[in-house]
Amino acid sequence: DVKVTQSSRYLVKRTGEKVFLECVQDMDHENMFWYRQDPGLGLRLIYFSYDVKMKEKGDIPEGYSVSREKKERFSLILESASTNQTSMYLCASSNRISRGKASYEQYFGPGTRLTVT
Amino acid sequence: GDSVTQMEGPVTLSEEAFLTINCTYTATGYPSLFWYVQYPGEGLQLLLKATKADDKGSNKGFEATYRKETTSFHLEKGSVQVSDSAVYFCALTQRENFNKFYFGSGTKLNVKP
């Protein structure tokens, strides 16, 4: 089974702190994604990566950065945490769509609930 | 751009009732369509998918048919159980967009015994 793990289930940080959220997948997927989930807003894409050292902005990248130094690991960084970044953060991974790939749905980790005080 | 619209919740049903959650999409090409489910305190899990028009995805008694003419992918189940209580997300992706997923806002389902 595909497994996507996230470093913490719950995290409490202070305003202004630098925060690192880690995500690791074990299925050799090319694509990795970071979302935030807020009530009434569904999932919003923050950043994604389609290869090592490659990254693309999603719909709400402001206040965030990412790092992908290894294929299996994708980190989300909050440079200076603010209270409006209190949210549930979900990591996902998938195969790149191409011939021969059996499936390309996204596989999600359990989420990190971040509270910034 | 691509987008997904799904019915707002919450939806409250009695056990064994029929379920429909509406989902419509906007896309320029030929997307693949998905339903994901999120149980309390967990991440999203794939429920079913369809990759081309007229395909029917099914899993755990849930079904959805890819209707290109109405740009819809409605989720149905003939007889819901309390254990089906969760949030359901409709989503689409296209090869041309690096496999980015576009999710609906989610529909919360409450099933009462």
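Numbered from 1 within each chain, the chains take letters A, B, ... in sequence-line order.
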Run the ring-ring contact (aromatic ring centres under 6.0 Å, His included) check on B:Phe101 and A:Tyr35 step by step: do they pass?
CA-CA 10 Å; B:Phe101 269 58; A:Tyr35 297 89; 8.1 Å; no

Part of A:Arg113 within contact of chain B (heavy atom distance under 4.5 Å)
neither

Compare every heavy atom of A:Phe33 with every heavy atom of B:Lys100, then report the nearest pair and how far apart it is.
CA-CE2, 4.1 Å

Flag yes if more than 12 heavy atoms outside B:Lys68 fall under 6.0 Å of its NZ atom; otherwise flag no.
yes

Do A:Leu45 and A:Tyr50 land in one hydrophobic cluster if side-chain heavy atoms of ILVMFWY residues count as linked below 4.5 Å?
yes

CG on B:Leu46 to CZ on A:Phe108, rounded to 0.5 Å
10.0 Å

Mind listing the closest non-hydrogen atom pair of A:Gly40 and B:Ser105 along with its distance?
O-CB, 4.4 Å

Could you give the distance from CG (B:Leu48) to CD (A:Glu105), rounded to the nearest 0.5 Å?
11.0 Å

Transitive ILVMFWY side-chain link B:Ile21 to B:Val80, under 4.5 Å
yes

Single-linkage hydrophobic cluster, 4.5 Å side-chain cutoff, A:Leu90 and A:Leu114 together:
no

Compare all side-chain heavy atoms of A:Gln37 with those of B:Phe89 and state whether any distance is below 4.5 angstrom.
yes

Looking at B:Glu8, B:Gln38, B:Gln6, which has the largest count of heavy-atom pairs under 4.5 Å with chain A?
B:Gln38

Can B:Leu33 be reached from B:Tyr88 by stepping across I, L, V, M, F, W or Y side chains whose heavy atoms are under 4.5 Å apart?
yes

Quick check on B:Glu16: does its CD atom have over 12 non-hydrogen neighbours (other residues, nucleotides or ligands) under 6.0 Å away?
no

Would you say the side chain of A:Gln106 lies within less than 4.5 Å of the side chain of B:Tyr36, judging by non-hydrogen atoms?
yes

Hydrophobic clusters here meaning ILVMFWY residues chained together by side-chain heavy-atom distances under 4.5 Å, can you tell me if A:Val24 and A:Leu21 are in one?
no

